Amino acid sequence: MSVSIEVDEIGKIKNFLMKRNHADNLVLQSPIPKVCQDEPCKLGVDEAGRGPVLGPMVYGISYCPLSKEEDLKKLECADSKTLTEKKREDIFDTLSKANVFVGWMVEVISPNSICNNMLKRQKCSLNQVSQDSAVGLIQRALDAGVNVTEVYVDTVGMPEKYQEKLSKIFPHLKITVAKKADSLYPIVSAASICAKVTRDIAVQNWVFEEKIDLPEGLAWGSGYPGDPETVKFLKSKIDPVFGFTQLVRFSWSTAQKLLDEHAVQVDWSDEEDEDNGTKNTAPITSFFKPAAKKARTKHSFFVDRCLKNAEEL
């Protein structure tokens, strides 16, 4: 489930993220500038938080009219990974104030949602989760009336295959998928900044519904598996029965290894296996197998007269 809320500044984003149900995804968006409905627009797509074991992954889009490209460049948008946290927030604030010609939208994909997709019976890879979010945000912008004509996407997987997929979904749009698109196209850089600022706010202001004890000075670091502070947090806050809080992506190998080492092992069984195997329910696939052929028996008329089938006529 995904809830959509309109916001126009960092303070409001923080407020909504602190009050949210961490099990659900959340879409935050700026007001849509009228010029973006009247004029052809370009739209950029990028994400933040793909690799961490802690916190949500955030997908972001930004859009502006083709005629305002030079104005967008003046906002100093760049790859969010090359900017300091303060600089990212300053640029995001500038983007919000430039709402007369720039709009943005982000989807906060909860750790719970990521894990459920990756661990369900018909597994959904992180690449698929990412691409579904990108497609969903583009469609939301179109449905909201943004006059999108060009889309620029920072790739997930092979750029050629991803571009082909998006082009089939949106045949009326000019699609460009590229590696390092956030450093090549200012509109993607803007989306990158929106996604990164939102994720940072979400992680830094995480409200633990589990009411865990957080001693003063205990932090969880960057959230990446290689961060000693993050590993320290995971080890100190593992419950032997319930595992981790909703901040943790328990489908990550880092979390799985700690669960194997420090949590109670549980054996799961299906209902058919209960009662020491006395229930012999046939598997559903058995109903789709062709029936075994039965040998045909001759009528007594032929048997009594010792008649046989002729092999040659």
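In this text, all values refer to a predicted model and were calculated from it rather than measured experimentally.
- Under the 3.5 Å distance criterion, the side-chain polar atoms of N99 are matched with a main-chain donor or acceptor of P31.
- Interatomic distance, CG of L95 versus OG of S30, reported as 9.0 Å (0.5 Å rounding).
- Between P52 and R249, some side-chain heavy-atom pair lies under the 4.5 Å cut-off.
- Within the 3.5 Å criterion, the main-chain N or O of D182 finds no donor-acceptor partner in the side chain of D46.
- A chain of hydrophobic side-chain contacts below 4.5 Å, direct or via other Ile, Leu, Val, Met, Phe, Trp or Tyr residues, connects I169 to V151.
- Annotation: side chain of S189 is not in contact with side chain of S183 (no heavy-atom distance under 4.5 Å).
- Side-chain contact between L54 and V203 is absent, with no heavy-atom pair separated by less than 4.5 Å.
- S133 places no side-chain N or O within donor-acceptor distance of the main-chain N or O of V129, the cut-off being under 3.5 Å.
- Connection of W252 to W206 is established within a shared hydrophobic cluster, with ILVMFWY side chains joined at heavy-atom distances below 4.5 Å, either directly or through further cluster members.
- The shortest heavy-atom contact between G44 and I187 is N-CG1, 3.5 Å.
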- Message: I'd like to know whether D260 forms a side-chain hydrogen bond (donor to acceptor under 3.5 Å, both in side chains) with Q256, so could you lay out the CA-CA distance, the side-chain angles of the two residues, the decisive distance to 0.1 Å, and finally the verdict.
- Response: CA-CA 6 Å; D260 291 340; Q256 288 287 343; over 6 Å; no
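- Listed here is the closest heavy atom pair of A178 and L184: CB-CD1, 4.5 Å.
- In the hydrophobic clustering of ILVMFWY residues, with side-chain heavy atoms under 4.5 Å counting as a link, V146 and L66 come out apart.
- The shortest side-chain heavy-atom distance between Y152 and K174 falls under the 4.5 Å cut-off.
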- Item | side-chain hydrogen bond (donor to acceptor under 3.5 Å, both in side chains) evaluation trace for S130 with E47 | CA-CA 8 Å; S130 299; E47 55 77 26; over 6 Å; no
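- Rounded to the nearest 0.5 angstrom, S192 OG and I61 CD1 are separated by 14.0 Å.
- Atoms CD and CD1, on E85 and I201 in that order, are 9.0 Å from each other to the nearest 0.5 Å.
- Contact of the V148 side chain with the I138 side chain is not registered, since no non-hydrogen atoms from C-beta on lie closer than 4.5 Å.
- Atom-to-atom distance recorded for S125:OG and M118:CE is 7.5 Å, nearest 0.5 angstrom.
- Separation of the W220 and F208 ring centroids falls under the 6.0 Å cut-off.
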- Query: Does the pair E150 and T176 meet the rule for a side chain to side chain contact (heavy atoms under 4.5 Å, CB included), with working shown?
  - Reply: CA-CA 8 Å; E150 300 178 11; T176 301; over 6 Å; no
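- With rounding to the nearest 0.5 angstrom, the CZ atom of F92 is 10.0 Å from the CD1 atom of I193.
- Within a 6.0 Å sphere centred on NZ of K179, other residues, nucleotides and ligands contribute 12 heavy atoms or fewer.
- Listed for the D154 side chain is a donor-acceptor partner under 3.5 Å among the backbone atoms of K180.
- Of all heavy-atom pairs spanning T254 and P225, the tightest one is OG1-CB, 3.2 Å.
- Using modelled atom types, no side-chain atom of D93 and backbone atom of E89 make a donor-acceptor pair closer than 3.5 Å.
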- Going through the distances and angles, do V153 and V188 end up as a side chain to side chain contact (heavy atoms under 4.5 Å, CB included)? CA-CA 7 Å; V153 185; V188 181; over 6 Å; no
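- Among all heavy-atom pairs drawn from F244 and K237, the shortest one is CD2-O, 4.3 Å.
- Following chains of ILVMFWY side-chain contacts shorter than 4.5 Å, one cannot reach L247 starting from V231, and the two form parts of different hydrophobic clusters.
- At a threshold of 4.5 Å between non-hydrogen side-chain atoms, the residues S110 and N25 count as touching.
- Of all the heavy atoms in Y59 and L137, the pair that sits closest is O-CD1, 3.5 Å.
- In this structure, L83 and A78 approach most closely via the heavy-atom pair CD1-O, 4.0 Å.
- Taking 4.5 Å as the limit, every side-chain heavy atom of V156 sits out of range of all side-chain heavy atoms of L126.
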- Query: Between E210 and T245, does a side-chain hydrogen bond (donor to acceptor under 3.5 Å, both in side chains) hold up when you go through it step by step?
  - Reply: CA-CA 7 Å; E210 298 83 3; T245 71; 4.5 Å; no
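- Although no hydrogens or angles enter the test, the distance criterion places no donor-acceptor pair under 3.5 Å between the side chain of N147 and the main chain of C41.
- Heavy atoms of other residues, nucleotides or ligands lying less than 6.0 angstrom from NZ of K120 number more than 12.
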- Item | Worked verdict on L119 versus F250 for side chain to side chain contact (heavy atoms under 4.5 Å, CB included) | CA-CA 10 Å; L119 296 176; F250 49 85; 3.6 Å; yes
- Given side chain to side chain contact (heavy atoms under 4.5 Å, CB included), test L173 with L142 step by step and report yes or no. CA-CA 11 Å; L173 302 180; L142 293 170; 4.3 Å; yes
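- In terms of modelled atom types and a separation under 3.5 Å, the side chain of R50 and the main chain of M57 share no donor-acceptor contact.
- Checking side-chain atoms of R199 against main-chain N and O of P56 turns up a donor-acceptor pair under 3.5 Å.
- Clustering ILVMFWY residues whenever any of their side-chain heavy atoms sit less than 4.5 angstrom apart, transitively, puts I114 in a cluster other than the one holding Y224.
- Within a 6.0 Å radius of CD in Q122, no more than 12 heavy atoms belonging to other residues, nucleotides or ligands are found.
- Proximity of a side-chain donor or acceptor of T230 to a complementary backbone N or O of G223 within less than 3.5 Å is detected.
- The shortest distance between side-chain heavy atoms of I175 and Y162 does not fall below 4.5 Å.
- Counting heavy atoms of neighbouring residues, nucleotides and ligands inside a 6.0 Å radius, atom NZ of K123 exceeds 12 of them.
- A distance of 8.5 Å separates CG of D71 from SG of C64, quoted to the nearest 0.5 Å.
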- What's the verdict on salt bridge (Lys or Arg N to Asp or Glu O under 4.0 Å) for K74 and E70, showing C-alpha distance, side-chain angles and the deciding distance? CA-CA 7 Å; K74 294 176 182 178; E70 291 304 315; over 6 Å; no
